[in-house]
Student: 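A single structure is presented below for examination.
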Amino acid sequence: MCGIVGYVGDDTAGQIVHGGLENLDYRGYDSAGMALLGDDGLTITKREGEVSNLSVPTVTGATCGIGHTRWSTHGPPTDTNAHPHTGMSDDIAVVHNGIIENYEELRATLVADGHEFTSETDTEVVPHLLERELDDGRDLRAALESAVAKLEGSYAIATVCADTDRIVATRHESPLVVGHDDDAAFLASDVTAFVEHTRDVTYLEDGDIVTLADGDATVYRDGEVVDRPIDTVEWDATAAEKGGYDHYMLKEIHEQPTALRQALSGRIDLDRGTADLDLTFPAGFLDSLDEIQFVACGTSFYAAEYAAQLIESFADVRATAELASEYTVDGGGDPRRTLTVAVTQSGETADTLGALRRANGGGIRTLAVTNTLGSTVTRDADDSLFIRAGPEIGVAATKTFASQVTTLALLSVFVAQERNALSAADARDVLTDLRGLPGAVQQVLDDAGDVREAATAFVDASAYFFVGRAHGYPVALEGALKLKEIAYDHAEGFAAGELKHGPLALVTEDTPILAVLTEGTRPEETLNNVAEAQTRGAPAIGIVDGSVETNSLDTAFSVPSLGPVTPLVANVYFQLFAYAIAKQQGRSIDKPRNLAKSVTVE
Ligand code: F6R
């Protein structure tokens, strides 16, 4: 949630900062603003709504600037609550991601000292604190260091001051990355902001203070300069463009075959029947495990539920998926015989990081499964495994779900083999199914026109119910979530057998049932549940693979059979269906209302 951009260099800062905000507006799009430091001091401009509402002011000599795109937490999205925020004067500007938990207390102290506040945000305490520190004679870096020592909560903060030609920034539990170019330095909450200018980046650590001045960045820790490595981002700016599609989401749905090839590349040895992951656990650790716990949120949680089922069936070990926000280590088994796996596309989701820290604190070994190099989760977990999906800009996760399940399926085989629970022949079958995924997904994508046409009949439905069993159940949940997110329609996913235990009361002729009816998901039983809904008038759409007779369905879409990962292919139909419904309703598909790509608050 929220995006920060900063630039110091020889070019016109206004255009570069605005461009960065446009690249980041998937992180939050309630309001946007920027502060540019030019020959006549600071010029601050901010506006409610998307970045496109914000025009770049003409500021002579502006070669330094910060910007922000907001997903509101404290205070509604208005011009006044938009960032940057200032103190008593307009000589200092601050942008902030995260939440300052003790802001009420700080604000009360500052008000008692005569400070006047204009916004309802938690952020506004920061420029006021900085003013106080600067008045005490500190320079901007020392002032920021001293001010953040008073903050509780999570933050990435960047600030510029009228009489210092530099940006000073810091982070605590909220991402911040620096970009290095020949004569320029960039700052952002996500490399997407500046990847068109440079792919050389430094991921800051909690507590680092960075100054961007004279086209260069210097990182400090406790007042001393520290060396931080420079990494090269593997993808370039074209990967974060729409590439001719109407929406990023549609582009990313169509990128799935490529994303899956990347997830599998170099990780399958069919001759030996092994999943080769670059993971090393202490000798005997996997073999001695009593339990693997997955923690995640939203779509990543559904990928985790899928993975827990795969691990249990392949690796002969108890596996659970828990919503990260509900996870506690209390009452668990022996921490030395437990592995907690945090599944998070962004690597920055506060709920998931919170769960991971609780696991770490309980002495449990942890593994991060993520799409994002350098993200907080990769630092907090003992080991990391990357899903290699490339940048995902659409707020609704699509290709990353496919890449998560695929990578976790590889992990399941890996763990199973370490535990001698899966023969090479059985592993080879699963790995062959995984190898078939990119082609099978492409077949579904080639059918996109038919899905679009079929969806026309259901665009006015009053609700949509998705059902499935076994691996079909998390996919039903994910199908419903996609429809909710981008079409704003009521959609629910149910374990098919549960329909008759209550939800059937909701079923009418205006509530289509979408069912996963593929091999391994007990399709005969699910078909019975679908028939119970059809008897009450509901139209039925099934994703089938020929494993059962499905003539009774009103609409059927076929997928090739790929054993335990067939429902992952079925999911692509659900993605296309949700997209088609939302498109026909004219929704804001890439930036659905009230949502943001990365939720860095608990
Ligand atoms: C749904 C969606 C969210 C995320 C969730 C977790 O389309 O995008 O439900 O899956 O916020 O995000 P990550 O995976 O970044 O931890």
Side-chain angles (χ1 to χ4, degrees), residues 1-3 26-28 71 97 154 173-175 189-190 192 247-250 252-253 256 259 294-307 321-327 340-357 367-378 380-381 384-405 407-408 466 474-475 477-488 491 493 571-572 574-575 578-579 582 587-602:
M1 54 154 291
C2 302
Y26 65 95
R27 293 181 68 95
W71 182 76
N97 289 352
S154 61
E173 296 179 5
S174 188
S189 31
D190 185 330
T192 317
H247 294 97
Y248 282 111
M249 180 180 176
L250 189 61
E252 287 154 5
I253 290 172
Q256 286 178 111
F294 291 91
V295 291
C297 305
T299 288
S300 297
F301 173 68
Y302 301 143
E305 283 200 310
Y306 202 138
E322 271 196 68
L323 287 167
S325 54
E326 295 289 330
Y327 173 79
T340 296
V341 184
V343 185
T344 164
Q345 185 282 128
S346 62
E348 302 293 348
T349 299
D351 286 327
T352 307
L353 294 175
L356 180 71
R357 286 176 190 140
L367 169 68
V369 176
T370 183
N371 197 27
T372 316
L373 243 63
S375 57
T376 305
V377 79
T378 61
D380 287 0
S384 300
L385 181 60
F386 293 97
I387 65 168
R388 304 174 178 167
E392 188 176 67
I393 309 294
V395 165
T398 50
K399 65 174 177 175
T400 54
F401 175 75
S403 301
Q404 282 170 334
V405 174
T407 308
L408 291 166
F466 291 74
V475 163
L477 295 170
E478 170 60 7
L481 181 63
K482 284 301 84 104
L483 206 102
K484 273 180 220 180
E485 284 181 293
I486 62 166
Y488 315 155
N571 184 54
V572 179
F574 289 166
Q575 294 171 340
Y579 178 83
R587 299 298 191 214
S588 169
I589 291 178
D590 282 334
K591 290 181 275 182
R593 70 182 178 205
N594 304 337
L595 301 181
K597 184 76 185 157
S598 170
V599 185
T600 55
V601 292
E602 281 180 323

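Indexing begins at 1, ligand by ligand and atom by atom, following the structure's order. Note that the numbering runs from 1 along the sequence shown for the chain.
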Student: Working to the nearest 0.5 angstrom, can you tell me the gap between I253 CD1 and H247 NE2?
Tutor: 11.0 Å

Student: Residues two or more places apart in sequence or in another chain: which of them pass salt bridge (Lys or Arg N to Asp or Glu O under 4.0 Å) with E485?
Tutor: K482

Student: Going by ring-ring contact (aromatic ring centres under 6.0 Å, His included), name the residues that satisfy it together with F301, two or more places apart in sequence or in a different chain.
Tutor: none

Student: Does A296 offer a backbone N or O that forms a donor-acceptor pair with the side chain of T352 under 3.5 Å?
Tutor: no

Student: Using salt bridge (Lys or Arg N to Asp or Glu O under 4.0 Å) as the criterion, list what pairs up with E322, not counting sequence neighbours.
Tutor: none

Student: Is the closest side-chain donor-acceptor distance between D190 and T192 under 3.5 Å?
Tutor: yes

Student: So which protein residues pack against ligand 1 under 4.0 Å, heavy atoms counted?
Tutor: C297, G298, T299, S300, T344, Q345, S346, T349, V395, A396, A397, L481, K482, E485

